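First up is the structure itself, then whatever we jot down about it.
We number each residue from 1, following the sequence as shown. Model, not experiment: these values are computed from the prediction.
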Amino acid sequence: MGNFFDKTNKSGPKSRTVTPNHTQPPDLAPNAKGHPNRTFKSNRIRTTKYSIITFIPKNLFEQFHRFANLYFIFVVCLNWVPQVAAFGKEIAMIPVIFVLLVTAIKDAYEDFRRYKSDKCINHKTCRVYKHHSSDGDERYVKTEWKDIYAGDIVHLSCDEIIPADILLLHSSDRAGLCHVETSNLDGETNLKQRQVVEGIDYQDKFKPEKFCYEVECDLPNAEIYKFTGYIKHGPDRKKKVPLNKDNLLLRGCTIRNTDFIEGMVVYGGHETKAMLNNRSPRYKRSKLERRINRDVIYCVVLLLLMCFLSAIMSAVWLGAFEDSTIVPFIPFESEEWYNPYFQGFVVFFTYIILFQTVIPLALYVSIELVKLGQVFFINYDLDLYYEKSDKRMECRALNITEDLGQIEYIFSDKTGTLTENEMEFKSCTIWGTDYPHAPEFDENIDDSETDSRYSIGTNISKSSSTMENLKIEPGLFREVMTMSLRSLTNVEVTVDSSGGRLTNYNEMEYQKSQKIQDFFLLMAICNTVVVTTHAHEDLMDESGIVHLSPEEEKRLSKLNGKRNGNGNNPHLPPISTISSTVDSLKKPIHPPKLTDSWSFANGGGRESPLRTPSEGSIAGSVYSDMAKIRFEAESPDELALVRAAATYGCCLKKRSHGKVTVHLPGEGAEVEFDLLHILSFDSTRKRMSVIVKHPMTKEIILLTKGADSQVLSVLDKKYKEIEPYKKVLEETETHIYNYAIQGLQNEEYKKIVEDTEDHLYNYALQGLRTLCMAKRILHKKEYKRWKKKFIEAEAAMQDREEKIMEVACDIEKDFELLGATGIEDKLQDGVPETIKKLREAGINVWVLTGDKQETAIEIAHSSQLFDEDQLMIKLNANDREETEAFLDHELGEIEKDKKKPRPSSARRRMGSTKSLRSVNQKMEYALVVDGKTLAFCLEKSLEKKFLRLTQMCKSVVCCRATPIQKGLVVKLIMDNLKKLSLAIGDGANDVSMIQTADVGVGISGQEGMQAVMASDFAISRFCFLQKLLLVHGHWCYTRLSRFSAFMFYKSLVTVFCIFWYQIYAGWSGAVQFDSIHLMFQHVLYTSLPPIINGILDRDLSAETLLQFPTIYRMGPEDQMYTRKSFFVAAFDSLYQSAILFYLNYLVYTDSVAGVWEFGTTTTVGLILIILFHNAVETFSWIWPQWLITILSFLVYWLFAIVINAIWFSFDHPSNPYWVMQNTMTQPIHFITVVLTLLTCLLPRFVVRVLHRTINPDEIVRAQLWEKEQEMIHLKEMEERSRNEKDGNVPSCSSSPDTIDKDNNDVNGITNNIPDTNHVTTRQRNGDVTFRNGKSHINSGYEHTEM
């Protein structure tokens, strides 16, 4: 990660020097003048945007950056100009103030939540070494995080969160190790090992007061995997101890597997790496929002046209009077105002004010409120809650909910996303022999095979030492039981009696036996697994007081009793003398040793015939001890291998710095190996190696595991060459063994490799993850030369990782093959059904994985990504030219198949002969691309051809893909096809594609939270994607589509009413409405009903949407909000406004009623039309919708009565006093309102009926199907009720009208939706599982369909 936040001057200092604060005078505060650390920030954090003082000016400044807000502020300012004022100055400000106030309240609430979070973090406590005022001594004192400064010495216990970036100085671990969990920082849940700074002589134990050295380190930066510096020590401070990233504990991480640590703060607060990497979710604009912005431009054009037309007509009307003094109703201030051209110019701005609502002021604020409501119900949908991990759905992006209903491409990771990422050891191959390990309850295993294996699995958690229900192979078990230090050497062999030489058969058997033992030893120690045998405790409490354990108190009591001559308990020594030497007071807790007696019993208590030399029992002693051990691994793969080895008896017991302890069954005790080096895994080598020293022979052994392609390529040449193996080895104590193998022919070694490759291929076809194992004995001279290079690479200040990788590659060669493992990563529940539904919904699903091609293909089959009747196209090329040739060939073949479908010999057909299609049936294709070929396909010259090929394929799998390639594939689709894409993954390697896609979904699984932190939505299971898209996505899209069109309609119908009035008002800018009602109409009277509909309305139930996934296609095809949606709304508002105005005009033309009675009737009709129009567009009704709709009109009605009763008006000198009361007493008012309402809404109602009967779309047909099912259900209930009354027992057999839960014909209905006039009488509810027979609908209310 780049240092995006380092804004320091490049010409300034390149490092910072931190001085321990306890070396300064106690009365000198760390931030006081004269303190060497005064320029460094404290540990207080502040993520809020505002303060009480800055909130109003800063928030207004941010809101005025929005174009719409600036436009309405401009309109308000215009209204303060007397010559162009259209409304009262005060009343014209109400809508703008309302919008600004609502937005400010929302921003204040969000900032208050950040403030509460900051306050909670800042007031956390830890122990800091400082001067204690009560006793005048220096000791650890309970201190809040906000009061920690760079230079403070901090004491932390196990499971305590690290408050700042701390340099590790002391650990309770004797080897100086500390383990941290970094999930809060980088999302990875695996433990990271950190090392105490070495090279400083404290003369005794570490004590804070003894550490008085300056630390020079990097300036604060965001690179969490980089830290360099040194400690100046010695008498003259000229000695330097180098520092690296392994010495730094980062803020937000958690101490694990360590009793306590002590360290010095080097970065605090906003200078820590965690805070420098803290990014808020990036802002995204949805596809629908971009369409709305386009329609707002149409509104601007319409506004300008209406204003120009009105201004021109005003000038024409004024110019029609020859004598300007007789112009009625218009007083002019001077003769210049009688100029038609000047009048037209002034009136233009008046109409800008009058027609301002052509651009819906509340549109964007209302959309935000609707999305907030939608997000709330999505978050609390119980169907998206995963009980096992206690995690619910999380919407991290609040402004793209409707995009969930328009997805056309899904890019998915495999491991941890489609699969569980909980690995189970399933099979292994050792030196060419396959050893399958079937599940305990596998029905495919016959009884004889079951009897020949013995299960030692128990109900132990996944972090325990043994595998659950793992089948033991007798041959392997027999060999592992004899594993000892002597059997792991190359000395002990049996000489053939005939000639003193091993026969080829005996030699192979001997090697095989040794390879089995080496194989299990490798599984046990070639890893970074941490072993825990006891609970960690710290004798220092949270206040900094040390409490001795009862054993230590008793021991000290005896010692002091002897000194004092009595048995009284002594006083504790001063806290300063023992606070930093807690480790000296604690005795290490060793795990109990295993007994020497061995036997084996299966789960049923039957004793195994397999015996070790001591013929004892291990069930009660060894495995009871193993049950106490817990493994904490960096990856699920390592955990599965270590647990499998422990199940066979080769159990990892302890890991420390430079040491690794293993229980060897043949020894009957623990054996300690010197761990010389760990060569960590990297994406280039794709291997992980360890170098250990044999405790008996002192041999230096290199063990490695990794991807098969990377391990098999570095085997010894005897596995590849044809000539006999004639290499002469040095004379060692193993010369007998070396002499014995010289007669082996390389064909036998080649056969071992070929058999291993065949087994790996079969594992991949089963969907297993594979790892290859190898071993090499290093000569001491070679090791010494290599070690010197490795130390130099580790000490390099630049390009350290690259140099270490090069040195590792130098030693990782000439391996002896041991074997390989197959680990199963099971598919998550519901993955096949989910992918099937998504594909039926018209969504293209791609899988982008780093696994082998065969594994990826098998997973694609089992997840139903590949169909049996598809043709599979494999693209495996070695260079660009070959890739281009493959692309051209496949494109040509597909074109031929379009003309005449036929099987192609160039491609592999999936499935059996039943998948052969007729000539007239359309051929479907599946594409598989490996990582190397994908790199060529993504080049500019080939990406168009590759894109064409992918569009012709129904499913695509990219295997061996790197994280960068995943992001490039997503970008290719987005940039060229302009389709909405969704990327879903669970690990750090998926962040690139998650951030690139339009919608990013993170799965909170086994690989940490980094994908979740980079995502827009977070779920716990892949199957939740089905309801998230097909249900919530459809609801959000359809609701917001109807809501947006309605908001444009609501604004235009009001403006057109005012426009019609101008024809009869001399184009003067006068209005027939009271301005206060005109301003309140959009922010109070008619604002809430559409918002409630946007949150709660449902066109279809969740069950129906899941049962008929083809309905989802309406979103990607933009059927709900098209380019003509705005013009339809505009035409509808134009018609309704004309009917509303002219019907009222005709009624009141010859009456004695004034303009206020006319305007009041028009206003009542206008509000009712808007509310009833919203009701017509509502699909389902619940009580909040009824309540809000009724209250909206009552608020207007009562408000109008009140203000007219008290002569309250902003439109001076007009007088609306008692107008509402007089108008209500006239029958013509009610008749006109009802007649207007019916006339305006009748066409829309008729169109709605015709649409549902003559030309129904999929939604209408599904609604009719739902109603038919309801009728069937009601009939069944009535019939059941009659039978119960008559005393008849209902028949258990299903009648033709009974809902058949097992019927699979529901998806066979034409277009997956029943025809309008031929609704099926059978319903299948078995496709989706719902709690209590129905889905937990987000609204939380019972709906009644319209």
Side-chain angles (χ1 to χ4, degrees), residues 383 840 1027 1030-1031 1034-1035 1038 1093 1096-1112 1114 1175-1183 1185-1186 1245-1346:
D383 288 338
E840 290 176 0
K1027 187 172 185 182
L1030 302 186
V1031 178
H1034 173 82
W1035 281 346
T1038 55
N1093 267 12
L1096 301 177
D1097 191 27
R1098 298 183 307 156
D1099 53 357
L1100 292 167
S1101 66
E1103 293 88 342
T1104 302
L1105 290 172
L1106 291 171
Q1107 201 160 11
F1108 303 116
T1110 54
I1111 299 174
Y1112 181 85
M1114 301 183 70
V1176 171
E1177 293 299 311
T1178 303
F1179 288 103
S1180 59
W1181 284 90
I1182 53 179
W1183 66 264
Q1185 292 166 289
W1186 287 107
F1245 186 77
V1246 171
V1247 170
R1248 186 77 175 269
V1249 171
L1250 293 176
H1251 171 61
R1252 294 178 67 86
T1253 54
I1254 297 178
N1255 186 28
D1257 57 18
E1258 291 192 350
I1259 290 180
V1260 173
R1261 293 161 60 191
Q1263 289 171 344
L1264 296 175
W1265 180 82
E1266 281 185 339
K1267 291 185 179 297
E1268 183 71 18
Q1269 299 307 310
E1270 291 177 5
M1271 294 175 61
I1272 294 174
H1273 181 67
L1274 288 175
K1275 291 180 180 179
E1276 291 176 350
M1277 295 297 293
E1278 292 176 358
E1279 183 179 354
R1280 186 177 303 171
S1281 178
R1282 287 195 301 268
N1283 290 336
E1284 291 176 354
K1285 290 180 180 180
D1286 297 339
N1288 296 330
V1289 179
S1291 175
C1292 295
S1293 60
S1294 299
S1295 64
D1297 293 335
T1298 302
I1299 298 175
D1300 185 5
K1301 295 185 178 181
D1302 298 321
N1303 181 21
N1304 292 323
D1305 295 334
V1306 68
N1307 289 325
I1309 304 171
T1310 305
N1311 294 327
N1312 280 355
I1313 302 295
D1315 188 79
T1316 308
N1317 299 318
H1318 298 85
V1319 181
T1320 180
T1321 58
R1322 296 172 68 83
Q1323 177 185 7
R1324 177 176 180 255
N1325 293 330
D1327 284 351
V1328 184
T1329 301
F1330 299 92
R1331 291 187 181 90
N1332 300 325
K1334 62 178 182 179
S1335 171
H1336 291 267
I1337 306 303
N1338 291 330
S1339 61
Y1341 304 108
E1342 292 297 330
H1343 287 252
T1344 303
E1345 300 291 341
M1346 285 288 289

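Ile1259 CD1 to Arg1261 CZ: the interatomic distance, rounded to the nearest 0.5 Å, is 12.0 Å. Annotation: the span from Asn1093 atom CG to Trp1181 atom CH2 amounts to 6.5 Å, rounded to 0.5 Å. Here Glu1266 contributes atom CD and Glu1268 contributes atom CD; the two are 12.0 Å apart, rounded to the nearest 0.5 Å. Annotation: the span from Thr1110 atom OG1 to Leu1105 atom CG amounts to 10.0 Å, rounded to 0.5 Å. Atom NZ of Lys1027 is separated from atom NE2 of His1034 by 13.5 Å, given to the nearest 0.5 angstrom. Taken from CZ in Arg1282 to CE in Met1277, the straight-line distance is 12.0 Å, to the nearest 0.5 Å.
The backbone N or O of Asp1099 sits less than 3.5 Å from a side-chain atom of Gln1263, completing a donor-acceptor pair. A donor-acceptor pair is defined here as one N or O able to donate and one able to accept, closer than 3.5 Å; such a pair exists between the side chain of Gln1185 and the backbone of Ile1182. At distances below 3.5 Å, at least one donor-acceptor pair connects side-chain atoms of Trp1035 with backbone N or O atoms of Leu1100. Not a single donor-acceptor pair under 3.5 Å links the side chain of Glu1258 to the backbone N or O of Met1114.
Contact check for Phe1179 versus Thr1038: no side-chain heavy atoms found under the 4.5 Å cut-off. Side-chain atoms of Leu1030 and Glu840, non-hydrogen and from C-beta on, never get closer than 4.5 Å to each other.
Listed here is the closest heavy atom pair of Glu1177 and Asp1097: O-OD2, 3.9 Å. Residues Pro1256 and Val1260 come closest through the heavy atom pair CB-CG1, 3.6 Å.
Results of the side-chain contact (heavy atoms from CB on, under 4.5 Å) test with Ile1272 over Glu1276, Lys1275, Glu1270 single out Glu1276 as the only residue that passes.
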